[in-house]
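All remarks here apply to the structure that follows.
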Amino acid sequence: MVESRRLFFNLIVGITGLVTCVLLIVCAFTADSMVGEPIGMTDGPLLGVFMIVPYALLANVCYTAGWFSELLVRTTRRVDDAAAFAVKAFRAGITFSIFMTLCPAAICWLVFAVALMKGQKHGPPGE
């Protein structure tokens, strides 16, 4: 049961990560053409790709911490309470993971919107 939940967790976080990557790339290209700054793109684009692995590992470390807390509750509470805690903790963990995974894209689009509202234009002098 626990490992099937981990698979589901990884699938949800992975799909959310793909959505985030697409949003970041679209933001970078749109911002580059409109304000002259590729907001959301790292200086070395491969750096962003290489950061996916540590993020996935940290997400699974957090998942495992939730699993440990579930085991702790199982040793100190009744079976029904522990089962209810497991469901609530899993839902909260999924929600938090989706939020954290989407945050970079949301921040970049917000920065881009502020740059547009301020009329900022970066680029070579004389542009």
Side-chain angles (χ1 to χ4, degrees):
M1 172 77 174
V2 173
E3 287 308 306
S4 66
R5 287 190 300 181
R6 183 183 298 269
L7 179 63
F8 178 74
F9 172 81
N10 284 326
L11 186 64
I12 294 297
V13 172
I15 290 170
T16 306
L18 286 174
V19 170
T20 297
C21 288
V22 168
L23 289 172
L24 286 171
I25 290 167
V26 171
C27 182
F29 283 111
T30 306
D32 193 28
S33 67
M34 295 180 81
V35 296
E37 187 72 32
I39 299 169
M41 186 69 68
T42 58
D43 284 339
L46 285 179
L47 178 63
V49 173
F50 289 127
M51 291 310 295
I52 292 171
V53 172
Y55 185 84
L57 290 173
L58 285 173
N60 276 280
V61 167
C62 292
Y63 179 92
T64 303
W67 182 70
F68 280 129
S69 67
E70 184 181 333
L71 288 176
L72 182 64
V73 169
R74 285 182 189 270
T75 60
T76 60
R77 302 267 172 100
R78 295 185 334 219
V79 173
D80 293 341
D81 292 341
F85 173 80
V87 170
K88 288 178 185 176
F90 185 69
R91 286 183 183 155
I94 288 278
T95 303
F96 182 73
S97 296
I98 290 170
F99 172 76
M100 289 302 295
T101 305
L102 288 171
C103 269
I107 291 168
C108 288
W109 278 98
L110 181 63
V111 168
F112 173 52
V114 169
L116 275 179
M117 286 189 290
K118 288 185 171 185
Q120 291 177 336
K121 178 73 174 157
H122 300 286
E127 247 186 54

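Both Val19 and Val13 are part of a single hydrophobic cluster, where members link through side-chain heavy atoms under 4.5 Å apart. Hydrophobic cluster membership is shared by Val26 and Val35, with clusters built from Ile, Leu, Val, Met, Phe, Trp and Tyr side chains linked at under 4.5 angstrom. When hydrophobic clusters are built by joining Ile, Leu, Val, Met, Phe, Trp and Tyr residues whose side-chain heavy atoms come closer than 4.5 Å, directly or via intermediates, Ile98 is grouped together with Val22. In this structure, Ile12 is a member of the same hydrophobic cluster as Phe99, with clusters built from ILVMFWY side-chain heavy atoms closer than 4.5 Å.
In this structure, Gly40 and Ala28 approach most closely via the heavy-atom pair C-CB, 4.4 Å. Shortest non-hydrogen contact noted between Ala105 and Leu24 is CA-CD2, 3.7 Å. Residues Ser97 and Phe9 come closest through the heavy atom pair OG-CE1, 3.2 Å.
Classified by interplanar angle (parallel below 30°, tilted 30° to 60°, perpendicular above 60°), the ring pair Phe90/Phe8 is tilted. Relative ring orientation between Trp109 and Phe112 is described as perpendicular, the plane-to-plane angle rising above 60° on a 0-90° scale split at 30° and 60°.
Side-chain contact check for Thr101 and Tyr55: at least one donor-acceptor pair (N or O, by modelled atom type) lies under 3.5 Å.
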Would you list the atom pairs, donor with acceptor, under 3.5 Å between side chains in residues 71-89 and any protein atom, with sequence neighbours excluded?
residue	atom	partner	partner atom	Å
Arg74	NE	Glu70	OE2	3.4
Arg74	NH2	Glu70	OE2	2.9
Thr75	OG1	Leu72	O	2.7
Thr76	OG1	Leu72	O	3.2
Thr76	OG1	Val73	O	3.4

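Annotation: side chain of Asn60 is in contact with side chain of Arg6 (closest heavy-atom distance under 4.5 Å).
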